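Notes for the one structure printed next.
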Amino acid sequence: MPVLSTVLGDAGPWLALIAALVVLLIVDLALVRGRGGEMSVRTAAIASAAWVGVSLAFFLVLLLTSGGEQANAFLAGYLVEKSLSLDNVFVFLLVFSAFALPVAERHRLLTYGIVGALVLRGVFIVAGAAVLDTFGWVSFVFAAFLVWTGWRMFRHRDDHDGEQKMVDGLRARLPLSEKPAGRRLVVREDGRTLLTVAGAALVAIALVDVVFAVDSVPAILAITDDTFVVFAANAFALLGLRPLFFLVADLVERLRYLKTALAALLVFIGLKMFAGELFGKIGPEYSLPAIALILGTGVVTSLLADRRDRRRAAAAGETAPSPARRAVAAGDEG
């Protein structure tokens with residue numbers, strides 16, 4: 001299959017990467033299981049920092065073995081995927097809350113979801129790269145889609161109504177059994193196969209990840225068409241998703257300008273893809289600083305605004321749980 005061989009390249013780096021990912025996932029699972037599947041905010045912060053450290057170590061390996069262009073493309077792609085996952089993980093919180101999934105079960109479903117997402121992203125990446133390699137004009141379609149997605153995200157930067165409607169719609173349509181079923185994902189009732197609460201939540205996560213992949217894969221393919229780098233950036237961002245989930249209740253509301261920054265980022269990447277097709281390739285040495293600047297501006301302005309509001313609230317003697325924390329509480333009570 002000449003197209004696949006062109007897209008994938010040498011099998012050696014792929015085998016080494018997949019082996020490393022499997023080992024890292026096993027170690028992560030062992031550590032989480034030892035804690036009973038739960039994470040405090042402190043533990044989640046440490047684990048998230050560790051995953052970022054592992055990703056930066058992979059960046060250094062690429063820098064030493066393949067040169068700056070491939071390493072910078074990985075780092076740019078990783079920043080994009082990590083930032084998108086920070087916003088997207090909020091939807092996982094909505095899913096678990098909508099299905100009233102106990103905290104102890106969440107880590108197991110996140111594990112299944114991450115493994116499934118790795119496979120799904122791999123398929124999307126190979127398919128997308130093959131289409132771009134065969135039909136160059138599709139780049140303009142991807143670029144237009146990214147600009148439109150960025151505009152749509154900017155319009156809804158201050159709410160999660162769209163995500164909430166999507167999750168509520170999934171819950172209403174899935175064949176769900178309300179009876180306790182332990183750790184099973186499906187049960188038989190009156191001759192019908194029904195999903196348990198955990199099974200329905202897993203299906204919802206899988207379907208939501210399809211939506212995420214449609215947004216994120218074109219974004220990173222606009223940065224580089226090296227499928228090895230694209231998959232590696234996706235994989236390392238996904239493997240850090242579980243501790244990120246346990247941080248999201250605190251982070252999402254504090255990073256209030258995250259959606260604005262992500263919207264600007266998607267528009268920038270789409271315009272970069274347009275320019276690359278019209279005037280020639282724009283290398284990661286230019287896109288990486290721009291990506292870092294956009295995301296850094298969003299984070300810094302968010303934290304400064306949050307710090308200002310906390311001071312005002314403290315001065316007024318007011319405290320109020322954020323919507324994300326209320327969602328966590330609702331899921332925990334269920």
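Fair warning: this is a prediction, and the values are worked out from it, not measured in the lab. Along the sequence shown, residues carry numbers from 1.
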Under 4.5 Å between side-chain heavy atoms, counting indirect links through other Ile/Leu/Val/Met/Phe/Trp/Tyr residues: same cluster for [X] and [Y] or not?
| X | Y | result |
| --- | --- | --- |
| Leu265 | Leu293 | no |
| Leu221 | Trp148 | yes |
| Val115 | Val95 | yes |
| Val61 | Trp51 | no |
| Phe96 | Leu207 | yes |

For this session: Apply side chain to side chain contact (heavy atoms under 4.5 Å, CB included) to the pair Leu262 and Leu295, showing each step before the final yes or no.
Result: CA-CA 7 Å; Leu262 290 177; Leu295 295 176; 4.1 Å; yes
[atom1]/[X] to [atom2]/[Y] distance, rounded to the nearest 0.5 angstrom?
| X | Y | atom1 | atom2 | value |
| --- | --- | --- | --- | --- |
| Leu194 | Leu185 | CG | CG | 13.5 Å |
| Leu146 | Met153 | CG | CE | 10.5 Å |
| Ile114 | Leu238 | CD1 | CG | 7.0 Å |
| Phe124 | Asn234 | CZ | CG | 11.0 Å |
| Phe59 | Leu64 | CZ | CG | 9.5 Å |
| Leu266 | Phe145 | CG | CZ | 9.0 Å |

On a heavy-atom basis, which atom in [X] and which in [Y] lie closest, and how many Å separate them?
| X | Y | answer |
| --- | --- | --- |
| Glu81 | Ala237 | CB-CB, 3.7 Å |
| Leu17 | Phe231 | CD2-CD2, 3.8 Å |
| Ala264 | Ile294 | CB-CG2, 4.1 Å |
| Gly68 | Leu63 | CA-CD1, 3.7 Å |
| Phe74 | Ser55 | CE2-O, 3.4 Å |
| Thr297 | Thr301 | O-OG1, 2.7 Å |

Problem set entry | Whether Thr227 side chain and Val126 backbone form a donor-acceptor pair below 3.5 Å |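 No, Thr227 side chain to Val126 backbone: no donor-acceptor pair under 3.5 Å.
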I want to check something: taking the side chain as every heavy atom from C-beta on, are [X] and [Y] in contact at a cut-off of under 4.5 Å?
| X | Y | result |
| --- | --- | --- |
| Leu303 | Val299 | yes |
| Leu110 | Leu241 | no |
| Leu278 | Phe140 | yes |

For this session: Could you check Ile220, Leu75, Ile223 and say which one makes a side chain to side chain contact (heavy atoms under 4.5 Å, CB included) with Val80?
Result: Ile223
For this session: Start with the C-alpha distance between Leu118 and Leu239, add both sets of side-chain angles, then the distance that settles side chain to side chain contact (heavy atoms under 4.5 Å, CB included), and finish with yes or no.
Result: CA-CA 9 Å; Leu118 282 171; Leu239 287 177; 4.3 Å; yes
Exercise. Would you call the rings of Phe228 and Trp14 parallel, tilted or perpendicular, where under 30° means parallel and over 60° means perpendicular?
Worked result: perpendicular
Exercise. How about Arg307: does its CZ atom have over 12 heavy atoms from other parts shown lying under 6.0 Å from it?
Worked result: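 No, not enclosed.
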Problem set entry | Ring centre gap for Tyr78 and Phe236 strictly below 6.0 Å |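 Judged by ring-centre distance (under 6.0 Å), Tyr78 and Phe236 do not meet the cut-off.
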